[in-house]
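Only one structure is covered here, and it is reproduced in the block below.
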Amino acid sequence: RLIMSQKSLSRWLKGIIAGMAICGAIIYLYFIPVWGKEFTEINAEYMSWYLPWLIVLLISAIPCYWVLYFGWKISTEIGKDNSFSIENALYLKNIAILAALDSVYFFVVNLVFMIIGINHPGMFLISLIAVFVGIAITVAAAALSHLVRKAAEIQKENEFTI
């Protein structure tokens with residue numbers, strides 16, 4: 001049976017968050033620009049799409065990194081043995097809001113690009129997967145926020161009980 005201390009769990013979570021930040025940086029700053037360039041070299045008719053899409057994708061990274069920041073804050077609270085706190089509930093609520101905003105942003109940009117002719121219908125359909133994942137993260141983070149808040153309230157009530 002594996003029993004993990006709060007500090008150990010916090011370190012693991014922070015390691016995972018740091019790994020996600022590094023992987024995200026590699027994807028956003030290397031793979032997306034390189035693959036985009038290679039794609040436009042193979043398909044020259046899409047060359048004018050490269051810069052708008054690169055900007056859109058780089059902007060979509062901003063909320064992702066804010067989510068990692070709030071995840072780091074949650075991990076710090078867990079390390080302090082403060083898992084069920086109003087702070088963590090607020091951090092999770094912020095994560096839900098960021099995921100929702102990023103999902104809406106990505107959907108709207110895809111739709112606008114589709115209307116103005118710099119998106120392919122197949123790519124639009126595939127991008128709906130990213131939107132769905134963002135919505136799933138929104139719902140999960142909102143539900144966890146609610147549960148953590150309820151647990152924090154119960155914990156606070158129990159502190160006053162003899």
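Here, residue 1 is the first one in the sequence, and each next residue gets the next number. Since the model is a prediction, treat every value here as computed from it, not as a measurement.
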I need the minimum non-hydrogen distance between [X] and [Y], along with the two atoms involved.
X     : Y      : answer
Phe70 : Ile95  : CB-CG1, 3.8 Å
Ala89 : Ser145 : O-OG, 2.7 Å
Ser60 : Pro63  : O-CD, 3.4 Å

Please answer whether the main-chain N or O of [Y] pairs with a side-chain N or O of [X] as donor and acceptor at a distance below 3.5 Å.
X      : Y      : answer
Tyr46  : Glu41  : no
Tyr30  : Ala25  : no
Tyr105 : Val56  : yes
Ser10  : Ser75  : yes
Ser103 : Ala99  : yes
Thr138 : Gly134 : yes

Exercise for review: Go through the steps for Lys14 and Thr76 under the test side-chain contact (heavy atoms from CB on, under 4.5 Å), then give the verdict.
Suggested key: CA-CA 8 Å; Lys14 286 179 177 180; Thr76 300; 3.2 Å; yes
Report the distance from atom [atom1] of [X] to atom [atom2] of [Y], rounding to the nearest 0.5 Å.
X      : Y      : atom1 : atom2 : value
Glu87  : Lys73  : CD    : NZ    : 9.5 Å
Asn94  : Leu101 : CG    : CG    : 10.5 Å
Lys156 : Glu153 : NZ    : CD    : 9.0 Å
Leu13  : Gln6   : CG    : CD    : 10.0 Å
Lys93  : Ile86  : NZ    : CD1   : 11.0 Å
Ile27  : Leu57  : CD1   : CG    : 11.5 Å

Check your understanding: Is the closest side-chain donor-acceptor distance between Asn110 and Asn119 under 3.5 Å?
Key -> yes
Point to revise | Test item: Cys64 and Tyr28 side chains (from C-beta on) under 4.5 Å apart, heavy atoms | key: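 Touching, per the 4.5 Å side-chain cut-off.
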Check your understanding: So, do Asn88 and Ser85 sit near enough that their side-chain heavy atoms are less than 4.5 Å apart?
Key -> yes
Any chain of hydrophobic side-chain contacts (each under 4.5 Å) joining [X] to [Y]?
X      : Y      : value
Phe106 : Ile32  : yes
Tyr65  : Trp72  : yes
Ile129 : Val104 : no
Tyr50  : Leu58  : yes
Val67  : Ile59  : no

**Study point:** Criterion side-chain contact (heavy atoms from CB on, under 4.5 Å) on Phe84 and Leu147, from CA distance to verdict
**Key:** CA-CA 9 Å; Phe84 300 111; Leu147 293 173; over 6 Å; no
Check your understanding: Under 4.0 Å between a Lys/Arg side-chain N and an Asp/Glu carboxylate O for Lys80 and Glu77?
Key ->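 Looking at Glu77 together with Lys80, the answer is yes, because their closest N to O distance falls below 4.0 Å.
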Practice item. Please check if the distance between the ring centroids of Tyr69 and Trp66 is under 6.0 Å. Key: yes
**Study point:** is_close_aromatic(Phe113, Trp53), centroid dist under 6.0 Å
**Key:**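 Centroid separation for Phe113 and Trp53: below 6.0 Å.
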Review point. Given Trp49 and Thr40, is the side-chain contact (heavy atoms from CB on, under 4.5 Å) satisfied, shown in steps?
Key: CA-CA 8 Å; Trp49 297 13; Thr40 57; 6.0 Å; no
**Study point:** Enclosure of Met20 CE (heavy-atom neighbours >12, cutoff 6.0 Å)
**Key:**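 For Met20, atom CE is not crowded (no more than 12 foreign heavy atoms under 6.0 Å).
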Check your understanding: If you count the non-hydrogen atoms of other residues, nucleotides and ligands that lie under 6.0 Å from CZ in Phe132, is the total more than 12?
Key -> no
